[in-house]
Structure formats: structure tokens, C-alpha cells
Amino acid sequence: MQIRGTDYTALTWQGDALALGFFENATEISGDLAQLDDRLEGVLRELIEEKEFKGKAGQKLVARVGSKTPVKKLILVGLGEIEKFNSQVLADGAAAIARLAKTEKVKTLGISLPQREHDPAATAAILTEGILLALHQDNRFKSDPEDKEIKLTTVELLGLGEQATAISKAEKIVSGVILAREMVAAPANEVTPLTFTTIATELAQTYGLELEVLGQSECEALGMGAFLGVAKASDLPPQFIHLTYRPANPTKKLAIVGKSLTFDSGGLNIKGAGSGIETMKMDMGGGGATLGAAKAIAQLKPNVEVHFICAATENMISGKAMHPGDILTASNGKTIEVNNTDAEGRLTLADALVFAEKLGVEAIVDLATLTGACIVALGDDIGGLWSPNQELADQLKTAADKAGEKFWQMPMEAKYFEGLKSPIADMKNTGPRAGGSITAALFLQQFIKETPWAHLDIAGPVWTDKQNGVHNAGATGYPVRTLVQWVLGLVE
Ligand code: BES
Ligand code: MN
Ligand code: ZN
């Protein structure tokens, strides 16, 4: 399937299906559309009236208009209130159109949607991402998939001019989002810590990245007692992955650190009935997105050095498991009383953050399916963002907005660290239930000395049950797009 921009408009384009977007209560037909309506013998106006199409967000309809007409089918999608128009609305509109085109077996599709900030390149990029991500179908684990092939061969983005650069850039970003989605969607018997090494090795070979993988003994030598404490009960060897994209003369040096628990049983504080333990394959979502971002950035080649770090292991139970109450020593010398083995992500991240800071980078961002408390606070669709550095927080908010992903800044409330005080060690790994996503961020902060750092809790948005109905439910690839936009935004 090919996506391209064109100077053709809704009026002049010819093909199987023409898709039009309308803002809420703005469905009167005028200008070009009135001329198009004349060519279609008034079908457009009739359809809008007959189906009471008001342009509400999520509203959509398809109708066949003829066989000798310049377009055979019309697809109309509602974009909601014009005041609320943003990248996400535009991407959602493109996604809805792509899905309809697929079910309608359309071969050539023309899409006419309003531009984002009068910027045809940005608009083409958002549309491309929306279309490709909506059409991505994961059939790896089906012996006889229902929808084998997509009929769509050509998608033309109307009125935007050629936009080859913007579209190819978006395709690279999408390849990273899809890698993250497929890693998250694959179960824990398919994606293990060793799979992280395999995927990182493939990325390194394909895109010329540097790769360093530390095994058990190398992590021991670095004193990574927190990470290794979590890894103790797994029969699979822990893998500490450090992948580097290094341009010749970088203007910046950054690190991205992803929580990479390929399964989280809770450990001896085992997750009980109704805890969603069967969904805990997704607990490597941060690491999946880290490798997804690496894949995109390695192709986009910005002039920024980026270190991608995944401390990959499983949180399991066995006679070798860490006990609740054990005291672990992290690689910065700090001691942690593990009062709950299910707060394992922060233990693995502790050593990964210390490692990242030693690289001498200018900023560190970690991303983690860290707490159920963050889902309680922000719901399934919004990630939490914490940073003691407002400049970095603002960069990430701008990036998320551009990417069409949602983050909400949460407080680094220093006083809550009292909840993590331990009578016997430097700190506990778990505080009180209230404010649980905040104490998690405060815990991580203990492993950063001075480098600007931000923490993204993606426990909610890494997964969706309702996205587009049954198809495409599952892994979202959050927050690959935000990370890529962040890195690109630093050199634009
Ligand atoms: N991986 C979980 C967090 C999580 C929960 C992710 C639901 C996605 C969906 C994390 O390791 C965890 O178990 N956190 C505990 C922390 C608690 C023991 C302080 C939690 O959120 O309950
Ligand atoms: Mn856990
Ligand atoms: Zn976890």
C-alpha cells in the first residue's frame, strides 16, 4: 500500500472512495463541496440530511454513490467541535477512515481532512501515522486469520502537495510503534529477557547501532543488587541491554530507560484473583517502547546521541525468590527494604537509572508500566509525567501534543517520601496506598544525582481494550511517538 500527498482536491480527485471530514454542526455544503455535490447529483447533501450526520466526534457513514461517478463511494467522518481540534482528533479521523476503507474493500482512497495548524507536512505525517496504525493487524498467533489481506493499494492525501519527506518520516515512526506493539502483545512465553537481546541485536545489525548486553555476572560486578534481586526467582538469565545511536558530531546526549519486566507475577507478594495477572505480559511496555523508539530514531538519524536501556527480567516465584522484607543494595550504594515484592519495576529501574547517569547524558527519561495507582489517578488513556525539571517536562508535553499522545504532569511532592522511610534501610520500596504513583516517582528520584530526569508512568495507555472495537484492541505502542518527537524536537 502506498500513501502519497497530492494537489488534487475533493473536487478533482477520482477513485474508489472519497473520505471527507466535518466539524460538529458544520455540515452545510458550500464552495468546492457544493460543486462536488452537483457532480454527484446532490447525493452528498441528501446523505447528510437523511442520515442526520452532524459531524459529531466518532460519527461516521459510508454510502455508494454510483459506478460511473468520479468517486464510487463516499466516507464521511465527524471530527467533533472545531475548538477541540488537535493532532489526536486528526489521527483518529484518519484511522476511522482507513478502517472503513478496509471493511469496504476499497482499493483507491482519497482523504480530505482539515489541516493541522496550516501545516501540510505536519498534517500529512499525522494522517500517515493514523492510517498505518489503524490498519496494522497482528496475525502472528492465529493459524487462520480472518482478514488476511488489505485491498487498499493507494491512499492519497488531498490538497497537501507531494509531502514525500513527511510521509516517509511518519512511516519510520510507525515502524517503531509497531515493534513496540508487537513486543507488548506477544505473551511472556514468546518475549523473554533473551528476546530483548535478540531484538536489540537485530536492530543493532540492521541500523548500525552499538550494543552492549550485560549478563548476571557483569551486573553483579556493577553492584546492581536491586535489579538482580528481582531477577532471582526467574529461570531465565537477566539481560541488561544498552543500545546506542551515535551520530558523528551529536549536539546532545540523551538516555531513554524502559521498564522491561517480561512478566510480573508479583513475586512472593503474588498478584491475587482479579489483579489482572494474566495481562502482566505487558509489563515490558516501557522496554518495548524503548526499542521501538530506537528503531525509529535509527532510521530518522537526528543529530543526537541516544542511549536506550532495558534491564530485562521476570518477577517470578521459586525457592530462590527474594523474600518480602529482604534488603537490597543498588548500584549507587543505597539500601532498599523490599516491603512488597510486587513493587519490582522501580527496583529494576533504580540500577538502570544509575547506569544511565554514569553515561554523562544531558537528560534521562524513563518509561514504565509502574503503578496501578497511576491508572486510578488518570484512567486508561492518559499517562503520568513527573519531573523535577520543568524545562524537560515542558519538552515532553510539547512532544506528546505533537505526537497525539496524552500525558498529565503530576507532582513530585517531596513530603510524601516520608511514606518510604524504613527503620532499617535507606528506604522501603513501597509507601502507603494513597498517592502510590507519586511515591513510586519519588523512589526513582533517589537514583538520580543531578541529571535532568523525567518519569513517564504508562500503566494505563500501554494497553487498550476498546480501541476500534475488537480489532486493534491490545497494545498501543505508547509512548514511542512522544519519545521520537521529543528527540527530534531538540534539534529542529
Ligand atoms: N506492573 C505493575 C503495575 C501495573 C498494574 C501495570 C496494572 C499495569 C497494569 C507493578 O509492578 C505493580 O505491581 N505495582 C503495584 C505497586 C504496589 C505493590 C505498591 C501496584 O500498582 O499495585
Ligand atoms: Mn509488580
Ligand atoms: Zn510490574
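Keep in mind the model is a prediction, meaning the values are calculated, not measured.
At most 12 non-hydrogen atoms from other residues, nucleotides or ligands lie less than 6.0 angstrom from NZ of Lys449. The local environment of NZ in Lys60 is sparse, with at most 12 non-hydrogen atoms from other residues, nucleotides or ligands closer than 6.0 Å. Other residues, nucleotides and ligands place more than 12 heavy atoms under 6.0 Å from the CD atom of Gln2. Under a cut-off of 6.0 angstrom, the local environment of NZ in Lys428 is crowded, with over 12 non-hydrogen atoms contributed by other residues, nucleotides or ligands. Atom CZ of Phe417 sits in a crowded spot, with more than 12 heavy atoms from other residues, nucleotides or ligands closer than 6.0 Å.
For the pair Gln446 (side chain) and Phe443 (backbone), a donor-acceptor distance under 3.5 Å is absent. Remark: the backbone N or O of Pro302 is paired with a side-chain donor or acceptor of Tyr245 at under 3.5 angstrom. Formation of a donor-acceptor pair under 3.5 Å by the Asn269 side chain with backbone atoms of Gly266 is not found in this model. Distance alone, capped at 3.5 Å, is enough to place a donor-acceptor pair between the Thr251 side chain and the Asn303 backbone. No donor-acceptor pair under 3.5 Å is formed between the side chain of Trp386 and the backbone N or O of Leu456. Although no hydrogens or angles enter the test, the distance criterion places a donor-acceptor pair under 3.5 Å between the side chain of Thr103 and the main chain of Leu100. Between the Gln485 side chain and the Ala403 main chain, no donor and acceptor come within less than 3.5 Å of each other. Under a 3.5 Å cut-off, the side chain of Asn339 and the backbone N or O of Thr430 do form a donor-acceptor pair.
In this structure, a donor-acceptor pair under 3.5 Å is absent between the side chains of Thr198 and Thr195. A side-chain donor-acceptor contact under 3.5 Å links Asp457 and Thr371.
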Checklist entry - Given Leu152 and Lys102, is the side-chain contact (heavy atoms from CB on, under 4.5 Å) satisfied, shown in steps? => result CA-CA 7 Å; Leu152 211 50; Lys102 179 177 156 188; over 6 Å; no
Item to check | side-chain contact (heavy atoms from CB on, under 4.5 Å) evaluation trace for Val191 with Lys281 | outcome: CA-CA 8 Å; Val191 170; Lys281 65 175 183 181; over 6 Å; no
Item to check | Worked check of side-chain contact (heavy atoms from CB on, under 4.5 Å) between Val230 and Leu328 | outcome: CA-CA 10 Å; Val230 175; Leu328 306 175; 5.6 Å; no
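Across all non-hydrogen atoms, the minimal contact from Gln239 to Pro193 is CG-O, 3.5 Å. Shortest non-hydrogen contact noted between Thr476 and Arg181 is O-NE, 3.2 Å. Pairing each heavy atom of Ala180 with each of Val480, the nearest pair is CB-CG2, 3.7 Å. Smallest separation of non-hydrogen atoms from Ala393 and Gln409: CB-NE2, 3.7 Å. Taking every heavy atom of both residues into account, Pro388 and Met412 meet most closely at N-CG, 4.1 Å.
Note that CZ of Phe240 is 9.5 Å distant from OG1 of Thr348, once rounded to the nearest 0.5 Å. Within the model, atoms CG of Leu444 and CG of Asp366 stand 5.5 Å from one another, a figure rounded to the nearest 0.5 Å. Taking OG1 of Thr335 as the start and CD1 of Ile327 as the end, the distance is 6.5 Å to the nearest 0.5 Å. Asn429 contributes atom CG, which lies 9.5 Å from atom CG of Asp342 (distance to the nearest 0.5 angstrom). Interatomic distance, Met183 CE to Met284 CE, rounded to the nearest 0.5 Å: 4.5 Å. With values rounded to the nearest 0.5 angstrom, Glu171 atom CD is found 10.5 Å from Glu129 atom CD.
The shortest side-chain heavy-atom distance between Ser437 and Leu370 does not fall under the 4.5 Å cut-off. Using a 4.5 Å cut-off on side-chain heavy atoms (C-beta onward), Ser387 and Leu396 make no contact. Side-chain contact between Ile173 and Leu300 is present, with at least one heavy-atom pair separated by less than 4.5 Å. Taking the side chain as every heavy atom from C-beta outward, Glu450 and Glu357 approach each other to under 4.5 Å. Contact of the Val177 side chain with the Leu132 side chain is not registered, since no non-hydrogen atoms from C-beta on lie closer than 4.5 Å. With contacts defined as side-chain heavy-atom distances shorter than 4.5 Å, the pair Leu113/Val77 qualifies. Side-chain contact check for Gln395 versus Lys397: every heavy-atom pair is 4.5 Å or farther apart. When side chains are defined from C-beta on, Lys253 does not count as touching Leu359, because their heavy atoms never get closer than 4.5 Å.
Paired with Trp486 under the rule side chain to side chain contact (heavy atoms under 4.5 Å, CB included), one option of Val304, Leu392, Thr398 passes, and it is Leu392.
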For residues 285-298, which side-chain N or O atoms pair as donor and acceptor with protein atoms under 3.5 Å away, sequence neighbours left out?
residue	atom	partner	partner atom	Å
Thr290	OG1	Gly258	N	3.4
Thr290	OG1	Gly286	O	2.7

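Residues passing the salt bridge (charged side-chain N to carboxylate O under 4.0 Å, His left out) test with Asp351, sequence neighbours excluded: none. In this structure Phe263 satisfies the ring-ring contact (aromatic ring centres under 6.0 Å, His included) test with no other residue, sequence neighbours excluded. In this view, Glu362 satisfies the salt bridge (charged side-chain N to carboxylate O under 4.0 Å, His left out) rule with no residue, not counting sequence neighbours.
Relative orientation of the Trp453 and His455 rings is parallel, given thresholds of 30° and 60° on the angle between their planes. Aromatic ring orientation, Phe407 versus Tyr478: tilted (interplanar angle from 30° to 60°).
For residues 225-236, the side chain to side chain donor-acceptor pair (under 3.5 Å) pairs, not counting sequence neighbours, are Ser234-Glu314. The side chain to side chain donor-acceptor pair (under 3.5 Å) pairs that include a residue from residues 258-267 are Lys259-Asp283, Lys259-Glu344, Asp264-Asn315, where partners are two or more places apart or lie in different chains.
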